[in-house]
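Structure record follows, encoded as structure tokens.
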There are 2 protein chains.
Amino acid sequence: MAAEQNNPVYADLLNAYDEKLTHSGINGERVARRLYELSRIGYTEPGGVRRPGLSAEEKQAKALVKQWMEEAGLAVSEDGAGNVFGRLEGKKGSAKAIASGSHVDSVPNGGNFDGPLGVLSALEVAESWKETGYVPEKPYEVIIFTDEEGSRFNSGLTGSRAVTGDIPEAEMAQLRDYDGKMLEQVLLEYGSTLSGFKSAVRDLDELELFVEVHIEQGKRLEAAQQPVGIVSGIAGPAWLEMEWTGQAGHAGNTPMTGRKDPLAAAAALIQRIPDIPGEVSDTAVATVGKLEVAPNGINVIPEKVIMHADIRDIQEETRDRLLERIIAEAEEVAAGRGIRLDIKQNTRIMPVPIGGELQASLARSLESFGIEPTYIPSGAGHDAMILGRHLPVAMLFVRSRDGISHNPKEWSSLNDCVLGIHVLKDFIEKRMDS
Amino acid sequence: MAAEQNNPVYADLLNAYDEKLTHSGINGERVARRLYELSRIGYTEPGGVRRPGLSAEEKQAKALVKQWMEEAGLAVSEDGAGNVFGRLEGKKGSAKAIASGSHVDSVPNGGNFDGPLGVLSALEVAESWKETGYVPEKPYEVIIFTDEEGSRFNSGLTGSRAVTGDIPEAEMAQLRDYDGKMLEQVLLEYGSTLSGFKSAVRDLDELELFVEVHIEQGKRLEAAQQPVGIVSGIAGPAWLEMEWTGQAGHAGNTPMTGRKDPLAAAAALIQRIPDIPGEVSDTAVATVGKLEVAPNGINVIPEKVIMHADIRDIQEETRDRLLERIIAEAEEVAAGRGIRLDIKQNTRIMPVPIGGELQASLARSLESFGIEPTYIPSGAGHDAMILGRHLPVAMLFVRSRDGISHNPKEWSSLNDCVLGIHVLKDFIEKRMDS
């Protein structure tokens, strides 16, 4: 215990903890200790972890949670993709289950909340029921999805997509991890097989709803001064690759008139982009994060610029309208400056809307804890996004300090985490009765 | 002779040659053969050459020209920097000399006109005098400057700067060539010494004027449909390095409002830059040729953008006004978008103006050959730029096909080259009498 208290994660969580939040079977000290114990698996530096999908570290983290699941009275099973299910039968044995969970893998030098908080929140609801003797009407499942982050294969959401059957066979055959190993080999080393992986597809009619607690990884709750918020939809990204081709020339000998400068043209679009999403919707975002100039010499007018735009919204209609607006503006700029423009659309993921009734129900749960509902579009993908293509999903965000994530500095206060669990419990219990 | 005629350089030069241009002792066929013979030294591919400064190839090219100089009756000398002087005494022994020339080194895969045309033009004037029995009033010098291009040391104009004393001792001590050899070692292998190199500084009072013929390396003469034009000044580049620092963030989770996107800010400047030079002068140019984004991920708002601007004009006053305008606009954009901007000025070379009287004299010579004067600012540096800091200089540009240079496709027609030599001869003869 002394060692734990000296650990920054554990001590810092408890330092500012309001003990009064430990009630109704939800125990903040237990949550802090479990966050700490997971933080030791794949520990890299103070606050940092490395638990790639299907690694020994992810497996070890799952084994620890499985033990806690059993202690909480859940029946534990694992599918061929390494997804872990801790199931509690309800009074109505034939009812569809309500499920909650997240993942325990991490990016290469990640933090301690992205994933684990969602798993421990779902588990803490079961712990609270065990402590108070509450038996749900419907079955309840706590789920750990495998390899959400995708740092292993450069392609994420592996476990949830295995469950929903959203990984094409061609992708399974092509996936290679950071060491060049194929998925099949990685599965063998993990203790599964490719055919086991394929058999992870589940009859999703068994589930009524999936609800995920996750850190916000943004600053909106901090700005709103609220501990927990409601995800209003999960944005689907569309990625555009734009190749602008002009005419290279000597920066000194080429007069300004008649130049065909692809960087000046691309810049005319890039500087406009921050203004366009707001013209389409309040939740839309567009970003140019990657840009390459050729030949990239100080005294040479560029010949070519390749830039990538990331365009998102939580509604497909507005996302696509934004996409079209950006393409139209790009084409207008290129034509006006004598530049050839080639556009490729590399990625196009469907946004997942979250039902208004589910959001309203979450709002009522928030309000019962005195929290003013804040509605936040999720810009990043989550396991709930994958499940949301097939069944109703809901998400709660817990406030992130400074919006930092995928970084050892990732942090949410224990008070905020525990409030999130209370809201989750209240929301689930109301669904159990409906 | 058969081999020469099969060579693309030689045959193509002569193919479209107007024999009537061979008169007054200037011989187009001789110029073509000499361009061809130089093209064999460091030959890389049809039309391409590689003759780095102070290399065996540059030395061999100089040896060949020295032989032609002697045959033309010039007294040949070479200084410790490898610069070659072919001198013809005038009737007035005590007068200052008129000099003309250029260089015979090349960029790694360069063409056959950048440099050699200026040397052979100056030599052809002496050839014509030998043929016609003309004896100039003042001494005349044909000069080959060493290592103009700078492909050897990543720092050019070596020979002309050695003559004018414009290479600081610190630079001499630091220069390393592409193999890591120091200047001193390179000089020893070439057959000179560092102290010999230092002794190349010349009393520039011995020279009245330096006039250089060079290919345009641009498209203005082609657009004006004129074979030869007058250089109105040599632009001095100023290089700005601008570091724009904003705040990285997830492209999906960060709302548009409150973003600090350094790429959007830099773009707002870059798209404006093509319009700014024209507001300052007709000859000013500004280019952003190099730009780096960090971390350069598709789904990450950039944290930092480093861009380089190349700003030139033939008058220092307007060049500096342009520089200040661009800096002011950059600072305004950065402040308006919450971006930190750090600006470094890495290079600042003084532009070299060309005297109005010398330009008027060149115009009269052009007109006497029925050529309408076109005035062209030289955006690139030349040996005349270095000499121009210390004595009057003039420059003639010969039309370049498609503006291509530093490339095996570099080309000027023999007609244009020979017209340039006629103009040079007329201009020099008038100066001899003045």
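Chain naming here is simple, since letters A, B, ... match the order of the sequence lines and numbering starts at 1 in each.
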Chain A interface, residue from [options] that has the most non-hydrogen pairs under 4.5 Å:
options: B:G381, B:A267, B:P237; value: B:A267
options: B:D313, B:L269, B:V333, B:V285; value: B:V285
options: B:I376, B:T257, B:L291, B:V305; value: B:L291
options: B:V293, B:T254, B:L263, B:I273; value: B:L263

Neighbour count >12 (heavy atoms, 6.0 Å) for atom CD, A:Q225: no
Whether over 12 other heavy atoms sit under 6.0 Å from A:E332 CD: no
Which atoms of [X] approach chain A - backbone, side chain, both or neither, heavy atom under 4.5 Å:
X: B:A286; answer: backbone
X: B:A284; answer: backbone
X: B:V288; answer: both
X: B:R272; answer: neither
X: B:P255; answer: both

Largest heavy-atom contact set with chain B, pairs under 4.5 Å, which of A:D275, A:I298, A:V300, A:I270: A:I298
Heavy-atom pair count under 4.5 Å with chain B, highest-scoring of A:G218, A:G258, A:P274: A:P274
Rounded to the nearest 0.5 Å, what separates atom [atom1] in [X] from atom [atom2] in [Y]?
X: B:D282; Y: A:M256; atom1: CG; atom2: CE; value: 12.5 Å
X: B:N299; Y: A:H308; atom1: CG; atom2: NE2; value: 11.5 Å
X: A:D261; Y: B:T287; atom1: CG; atom2: OG1; value: 7.0 Å
X: A:R220; Y: B:N253; atom1: CZ; atom2: CG; value: 8.0 Å
X: A:H250; Y: B:I404; atom1: NE2; atom2: CD1; value: 14.5 Å

A:E292 vs B:E292 side-chain heavy atoms within contact, under 4.5 Å: no
Side chain to side chain, A:P295 and B:K290, heavy atoms closer than 4.5 Å: no
Residue A:A268 versus chain B: region with a heavy atom under 4.5 Å: both
Residue-level contacts of residues 239-247 of chain A with chain B, using a heavy-atom cutoff under 4.5 Å: A:W239, A:Q247
Shortest non-hydrogen contact from A:Q271 toward B:R337: O-NH2, 3.4 Å
Taking every non-hydrogen atom, the tightest pair across A:G252 and B:R312: CA-CD, 3.5 Å
Whether B:D310 side chain and A:A251 backbone form a donor-acceptor pair below 3.5 Å: no
